[in-house]
Structure formats: structure tokens, C-alpha cells
2 protein chains.
Amino acid sequence: MFEDGGWVTATTVLRPGQKLRVIKFVAYGWSGGRSLPAVRDQVWAALTAARQAGWDVMLAEQRAFLDDFWDRADVEVDGDPEVQQAARFGLFHVLQAGARAEDRAIPAKGLTGPGYGGHAFWDTEMFVLPMLNFTAPDGTASALRWRHATLPLALDRAAQLGLQGAVFPWRTIAGQECSGYWPAGTAAFHVNADVAVAAVRYVDATGDEEFARGPGTDLLVHTARLWRSLGHYDDQGRFHVDGVTGPDEYSALADDNVYTNLMARRNLLAAADAAKRYPERARELGVSDEESAGWRDAAEAMTIPFDETLGVHPQAEGFTRHQVWDFAGTSAGQYPLMLHFPYFDLYRKQVVKQADLVLAMHLFSGAFTAEQKARNFEYYERLTVRDSSLSACTQAVIAAETGHLDLAFDYLGEAALMDLHDLEHNTRDGVHIASLAGTWAALVSGFGGFRDLDGTFSFTPRLPQGLIRLAFTLLIRGRRLRVEVTHAEARYALADGDPLEIMHHGQPVSLSAGTPQARPIPAAPSRPRPSQPPGREPVRRRPLGNTT
Amino acid sequence: MFEDGGWVTATTVLRPGQKLRVIKFVAYGWSGGRSLPAVRDQVWAALTAARQAGWDVMLAEQRAFLDDFWDRADVEVDGDPEVQQAARFGLFHVLQAGARAEDRAIPAKGLTGPGYGGHAFWDTEMFVLPMLNFTAPDGTASALRWRHATLPLALDRAAQLGLQGAVFPWRTIAGQECSGYWPAGTAAFHVNADVAVAAVRYVDATGDEEFARGPGTDLLVHTARLWRSLGHYDDQGRFHVDGVTGPDEYSALADDNVYTNLMARRNLLAAADAAKRYPERARELGVSDEESAGWRDAAEAMTIPFDETLGVHPQAEGFTRHQVWDFAGTSAGQYPLMLHFPYFDLYRKQVVKQADLVLAMHLFSGAFTAEQKARNFEYYERLTVRDSSLSACTQAVIAAETGHLDLAFDYLGEAALMDLHDLEHNTRDGVHIASLAGTWAALVSGFGGFRDLDGTFSFTPRLPQGLIRLAFTLLIRGRRLRVEVTHAEARYALADGDPLEIMHHGQPVSLSAGTPQARPIPAAPSRPRPSQPPGREPVRRRPLGNTT
């Protein structure tokens, strides 16, 4: 009844009221390496297996897979049914994009559309994998194994650029650099630390020693070598990374981008730690004590510029001295700016496409004082136009942390509804996988205040006025931790496994399986709502709808 | 006997020893605007006139034209017959490129080859026109009238970039921007000041009031408007020009390039002066007192960065803090660097393709102290690889000024022999017109110490050991000034016209026609010879050959 590329004709006679049920099995196979007959065999085998199992068994398997996922990964958002739906829509799509178990890249549009030509970017490592780490960590492992498989190309690319270690591509399908515009491609070297730090976070979240000893150490060592050769010391002994492009695509080729330097620092320290922890692997990679000490030295000496006059961190050296974009003279129809103004003009002025310094504050909470976070956030809010879908979610996280909970709620709405409301008019090209994962971040790291990159798993939960309750489950080193947040308190329940220590608003909480603990939520600091460029304010979100 | 596109056959019988003399008249016509029949008519008319005049008359006319040129423009270099020949070779080619009297661009290769696709660049204004100003000023007028004719396109281009005033193209044939790489094209905004300052220098040299009142004022006003809109004030009231590319093509997109800012300052002040001097024209251009006052304010507030720690001017903000290029690790075969290293790496390090800060010191002598000039020159010598033919001549000028006369002589040799010795292996593409004009600069502004941009015509002549005598004639406001320099003294002789005041080594000298004046030459300051990147030292030049 099934054919390969041919036509199948089925004929029957139906009486009025009778139904015809057609069950069609479709298998899809692709390979960049195997022969066509081999791929064909794989597809036939899949179809044969499907026929043997039958529709009901396959349905049950799929249901069990998804039940398991929802059980360990669901996020409940009481008070906003629309965001509730969007959060689950996002979880599903990120899972679908990430759980293919084929050790291939997770592209920007997942499997949903032709946007960006199927290319994968840094947002996989920085937005998608952090969510998968705590919900479907096999997906992270697969994506990182894919990056690891491209190491030979990355080593070649570094050599081509006259650098040590590995240089991963800005955009790629199979590991080669596919960006034709180097100031916003190759120069965005942070992608290398993004890969390395993603490996660190995966290992922290899962405790996957085998990965850490093997691919993880490889990735860390080769990227640390890159940073050591890309940066240099000045005559004051400070380490600089010059002429690179940070996450914000409305700036390029600047010195000492704070995000890049903090990521590079983490990368260097993690590589030194890995070399110490896995001496055999390090030896195989030719790492000497001198070399790893050099990584620590560079990390210690890393320059993080600060504007003493304004009391804020410049996104990169000199940024806060530049002319501020003429927002008042820019009309609504001139956004996104990159379609209406030359990059020459965007690059030289203070205008931010997407969270850059603010993303650094999300990841490196301990590198900024509370006062600096508040001042920085307010400063960059005035400059950030969100011409990228990869901004609202991060702004939500830091808005929540700095006490602007209702603003965070607005940004959550924008991130969550990016595709369901087609806010950028391009969902036909595929959904924004990273922004959908960012919805999870806005909820879990925003209103849940979850942080994982300072050596602990910490929470500073606080809800906006529009929400009644937020609940989510995180898979931490194989254990399910359920977190339930109301305006009054947070409740932490470890479902299984060994005890776990977490932080709640700066205080340690020791959790044992089966013994939930509740903690009160301190009041948020009161600060005036920051302003955004005129016309670029997020839509106000006020739900407090029925709970589901 | 002549035909249009056909074959002509001439038959004769020669006896042994007899000669056949064939005189062939060739005319060439081209137009971007007129019809083919009109161009054909022009060519036929030229041929008809040639036949009527005959070979001998045409030869005599040509000889008279050149005799006149050599009489007012020759440079005599006693002690170095090779440089003597090269200097005359250069004078001839620059004249040929510049004296076409067609109000068209003077392209980088003149009329001698297909290099650079026939495009004209900023080097016409900054290297070729300064020589023509004092030797064949009609050529400058023609080239500047061509620029002026492209103003409508430059105004359009500025509007396209969201700027006021005019934006001239980085490379062009007919006025449109023909560079496809904006970081080293459009971003090199100094071309606009180069055009404006060329107009200022032409008027200073010739006193051409008609040009000054008309095209000159137009060029100055529209470029001043550009600078006012391109730059901005910081909160300390300093005026900055951010994110632009200076003359050195191994740097790009930097803030406050010293050359650019000094040129912009001159441009702004000259525009304000022109508006005051030609109020009617200024009114037609819509210049108000407020606007021209704004130009003066911006010029006054222009930021000229200085590195207090090193005691040198950074080429642009932050330049001297960057990593120094690994010259020791760069082999001879890896030059020119741009063919062997990515621009990413060149841009972020201290390595200089061609004189940039050193060119600023040539043009704006008064903006630097003698001590700064010496320190700056020594600093940039260590970084300058001369991967451009537009460097040695400028280095010769400042080497001579700072007392490194023998080094200046070496650079003179390189500039002079660029094409005769095919030093860059590309003379087959055409001669380097600007470098040939630069030979004149190396002699006249180097060993003659001639400067024309500080409001006076000044000389600080000094010869290197390899030369016996240098003599040159400058056409200054219609008067011929002959300058003769030996190791002991300089002799200034005004051939005709009204008296003229010049400066000799900082002292005024009043010249009257027919009364030459001699002045002794003070000893040069003694300084150790600066070093260049290993392998990039200029070839030592020692002539003191027979005088011609």
C-alpha cells in the first residue's frame, strides 16, 4: 500500500453517512554524508517500523514523550491565559527544534520555515540551550556535539585569520562561515564564548561528566586559546579585546565590549578549570600549566570599561560619549532602522538594536552592583529600539530584577506573542525559536529570578501586578525542582533525588526531596518607570485574567 | 588621405637609401553627454585644423606650451641625476594628466593606463592639485570645476545618508560613489574636506577671485554643512567626528581622526570666511549669520586627541592603546599586508599603511609644536609599512622638517622612482600620478620646506648630504618665484610682478621683482634616525652624483 515516489490509488464505495479513514505514514530522511541508497534505506526502515507499530502505538509513544516533557518542563502562568498559551506554544516549538537527536544545529527558525536560509546563529547557544538545559537537556547535548563536530573547520578558520584556537562561524549550516559581511559576522567573536559558556552551563545543569571531560573540555580549551590570542595586554597590564562586534547589531568593531569581555573571562576561567579537572584530556590537547595560568591571568586582567561620569557601563569603550540617535526625528515608519538608515550612521551613534550590556547583566549578575544594574538598565532603555526579536525577553529579565515588574510584564508579552501575533510580520518565514525560548527566560529568569551562571542556582522571584501565580519545573542534575511563585511567597519543592541547595533572594535554602519549603517575597525597590525611545515603548500589558 | 574607420593604402617605390615619411594625424574625442555625430564632428574639426596647421606648426605650438611650463615649473636637483630625471618625468606626467582643460576628473593613473578603472580619488585634491597650483594652476581650476559640476550628485548623496550639505564620492568617474566597500569608501569622509581645502589652496595660490566667489564658495559652504551635521558636541562642549576612516587604509571607523578633524576645522573656518567675504553668494546659498557662526564654533571646539602618557597624537582616538602589529613575525613575502591578512586584524592594531597623522603634520604645520612633530614622526615611523604609494612622499616632507634629512632623501628616492623602477610591480596599469606629484612635494615641501596652508608662503629649506643644490620655480599669484637652495644658503628671486612677502625659517623676507635675496640655512636639529618596521626600511640613497 505504500510506494516510493509513485502514485497510489485506493477505490471504495461509500454509502451516505459512512466514513473512510486513510492512515498515511510519511518518513523523511536527509544526510549530508551518506549515499542516496543509504538514506532511502533509512526511510524505508522507518516506514516499515511505523507500519509494524501501527498508528495507535505511535500515537501513544508520542503522547508519552510529550507527557514526560510537560511533566518536567511546563510553565503555568495564572492571570494571563494568552501568555500561558504562548509559553506552551514556545515550549513545544523549542522542544521540536531541539529534540531531533541528530547532532545537528538548531537553526534560527527550527524546522518551521525557510527564514535565514536554515542557518544557525549564536542565539541557539545563548537563548535556546539555556532553556533546554533545564527542560530537555539531551537537546543541548546534541546541539553542542554538533558544534564540537565542526571544531576542525573552526580550527582552520582561526588559522586562516591568523589566530590561535577555534573560530566558530557567525552563521552556518555545516560549520563553515556563511556570513558575507565581516563587520557583523566574523568580527562578532563573542559567538565563540557563547559556545563555550553554553557548554559550561550544560554541564552545571546536568552534571554530564562524560561530556565535560570530552567535547566540553575540547570546546573550552580551543576557545580559550582564541581569546588569549585575540586579546592583548596594554602597558598598564590590562587585557583588552579590540575591534570586535558585540550582540547589538547597531554597533560594530568596538574595543572592550562589556558582554564580550565578560563572556571571554568566563570562557578563559572555565578552560583553566577544565584543564585542572581533566588533566589527561588537557595533556592530549597540549595544554601546559603555563598556558592555563595564562588564561587565568588574562581573565583577571580583563578590561571592563565603566563611565565614571555617567555612572554606567558603556556597551563598549567610548560608547557613552557618542552622539545619541535622533529618536525625536525618527518616524514610526523608519523602523526597523537598518532598512532606512546606513550602517555607517547606526554604528557611530548611541542606538541599540538589541540587549547587549543588558544581556551581560542577565548572565553575569555578580559582575554588577544592584545600583549599577538599575542605572545601566535605565540608561540603555532610552537607547534600545528592539529592531530584533532577541531583545524583549532579556529586557524583561533585567526589568524584573531592577524592580520594574510591570515593564517586565510588557516585554514578556512582546516576546511571548512575537509569532502568535506575528509582531514582526515575518512569521511566514518560520517562528523565532530563540524568542520563544526567551519567553521561558522572561518567565523563569524574569519573574522567577532564576540565575545559573554564578556558581549557584539562585532565584529572586517577584510577580507583576498582572499575574496571580507563576509555576515552573526545572530539571537540575536529573532532579525535578518545582517552583511556585505568588505575590506573597515562593514555594520550592524537590520531587526526587539528592538534596539541593539553592538561593532565594540572597539567602540559602536547603531542599530535600518531598519537603517543600516556602519563603516570603521581599518588596521590590520602587523606581520610576524607565523611558524608551519615543514610539518604541512596549505595548502595556494588564491582564489578571481568569486563571486556567 | 584620412578616413573614418576605414583602411588607407599608400603605395610608392623607394630606391635604396630613400626614405618615406608618413605623417599621421590622430584625433580622439569622447563625451558622456553629447551625441555620437557631435563627437564625430569635433574629431573631424580637430583633424581638419591639424591638416591646415601642418606638422611643423603643431610641433612648434607644443614646444612653446612645454617651454613655458618648464620655464615656470622646472625643478633642478643637482647631485642626483636619477632623481632629476624622475622629477621631470613626474612633472611631465602630472601636467599631461592635469592640463586637459576639459573640466574632467584627474584619475589616479592620469591618461596612462587602466588601473583603478579610470577612477579619481582624494589624492587628486591632496597630492596632484597642490603641485598644479604652483606650476599649472589652470589644471587645478579645471579639476575643481569638475568637482563643482558634480555638486548636485554630492547633495543627493548627503541626503541619502541623512546628512546636510554635500558628500563627495570616495572613487568616481562622473560623480557617483563607485566604492562598494563603505568602511573604506563612504566612511572616509575626509575626501569632502580634501576638496574644500584644495579650493582654499588654489585660491591662495592664484588669487582667482572669480573662482573663489563662485564655485569655491559653493564647495566650501556645502562641505561645511556636511561637517556640522556629521559631527556633534559632547556634554563638555567638545566637537567630535565619530566613526570615520582617515587616510590610513589599515584603520577604519574610528573617532576623532586627527587628520580628518584638522581638515574639517580648516573647511569650516574657510566656509565662514567665504560667507563673510562673498555675502551675496552666501545669501543665494541660504547661509545665515547663525549658520556661519555655528561653523566657527564647531571649528573652535574641534577635538584633537593627544596621548599625554606617550606624548604623541594618536592617529584617532584610542589608536595608541591598541596592540602593535607583530612586525617581527611578519615576513617580507607577507607585504602588502592587505593581501595576506584580514582587514579585521589590520583595523584593530597599530599598523599604518600610509601617512595619516604625518600627512596632518605636513598640512597643518602650526597645529603641532616642533617637539610634537619630532615625537609623532618617530612614533609613526615604527608603524608605517608604506603598502601605499601615497606615503613615501609625505614621510620625506616630515622627515626633512624634523631634521632627518638623509631619511627624507631615501623616501624621496622611493617616491620618485615608483614608476621608473616599477617599485610596486604595477606600472603596467599606469603611472602613479599622485606619487609623481608627491615627488615634487618631497623636493619642494621637503628639502625646500615650502608650506602654503598656514596663511603665508613659508620655506624652511635644508638639503640632505646626497644633494648639492635644489632649485625650483613657483607660480604664486601670477608671479614667478625662483628658489635656489644649497647647503649654505637659500636664494629667493621674484621674476616679475608686485612684491611678495615670504618666510624663511620663521623670519619674514620681503621680495621685489629683480632683487634676489639670500638667507643662510640654520643647522638641522640632531636626532637619531627613526626606525621602521623590520624589512620596510626605505632603500638608502647616497648619490651626490655629477651635477647635470
Side-chain angles (χ1 to χ4, degrees), chain A residues 157-158 160-163 167 177 181-189 229-236 238-245 251-256 303 305 307 309-310 316-326 329-330 334 337 340-350, chain B residues 157-158 160-163 167 177 181-189 229-236 238-245 251-256 303 305 307 309-310 316-326 329-330 334 337 340-350:
Chain A
R157 177 68 172 163
Q160 188 183 32
L161 294 170
L163 294 164
V167 172
E177 178 58 81
Y181 179 52
W182 72 263
T186 297
F189 273 89
S229 76
L230 187 68
H232 73 105
Y233 287 96
D234 67 15
D235 55 10
Q236 314 291 309
R238 287 172 309 191
F239 194 77
H240 298 275
V241 180
D242 294 335
V244 302
T245 300
S251 287
L253 306 185
D255 298 343
D256 292 324
T303 304
D307 183 331
T309 310
L310 295 176
E317 181 62 44
F319 181 81
T320 47
R321 209 274 292 134
H322 289 163
Q323 188 169 13
V324 173
W325 186 262
D326 178 14
T330 306
Q334 290 177 304
L337 299 176
H340 300 90
F341 298 94
Y343 273 108
F344 163 74
D345 214 28
L346 293 166
Y347 285 174
R348 61 203 290 271
K349 290 183 179 164
Q350 291 194 61
Chain B
R157 177 68 172 165
Q160 187 183 34
L161 294 169
L163 294 163
V167 172
E177 177 59 81
Y181 179 52
W182 72 262
T186 297
F189 273 89
S229 76
L230 187 68
H232 73 103
Y233 286 96
D234 68 15
D235 55 9
Q236 314 291 309
R238 288 172 308 192
F239 194 78
H240 299 275
V241 180
D242 295 336
V244 302
T245 300
S251 286
L253 306 186
D255 298 342
D256 291 325
T303 303
D307 184 330
T309 310
L310 296 175
E317 181 61 45
F319 181 82
T320 46
R321 209 274 292 135
H322 289 163
Q323 189 169 11
V324 173
W325 186 262
D326 178 15
T330 305
Q334 290 177 304
L337 299 177
H340 301 90
F341 298 94
Y343 273 108
F344 164 74
D345 214 29
L346 294 166
Y347 284 175
R348 60 203 290 273
K349 291 182 179 164
Q350 291 194 63

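We name chains A, B, ... by the order of the sequence lines, and we start the count at 1 in each one.
In this structure, B:Gly243 and A:Phe344 approach most closely via the heavy-atom pair O-CE1, 3.2 Å.
Heavy-atom pairs under 4.5 Å with chain B were tallied for A:Leu161, A:Asp345, A:Leu230; the largest tally goes to A:Leu230. Interface check for chain A: of the options B:His232, B:Glu317, B:Lys349, the most heavy-atom pairs under 4.5 Å are formed by B:His232. Among the candidates A:Phe189, A:Tyr233, A:Phe341, the residue making the largest number of heavy-atom pairs closer than 4.5 Å to chain B is A:Phe189.
Contact of B:Leu253 with chain A is made through the side chain alone, with heavy-atom distances under 4.5 Å. Looking at B:Tyr343, the atoms closer than 4.5 Å to chain A (heavy atoms on both sides) sit in the backbone and in the side chain alike.
Using cut-offs of 30° and 60° on the angle between ring planes, the pair B:Trp182 and A:Tyr347 is tilted.
Under the rule for a salt bridge (Lys or Arg N to Asp or Glu O under 4.0 Å), the partners of B:Arg321 that lie at least two apart in sequence or sit in another chain are A:Asp242, A:Asp255, A:Asp256.
Atom-to-atom distance recorded for A:Asp235:CG and B:Leu310:CG is 6.5 Å, nearest 0.5 angstrom.
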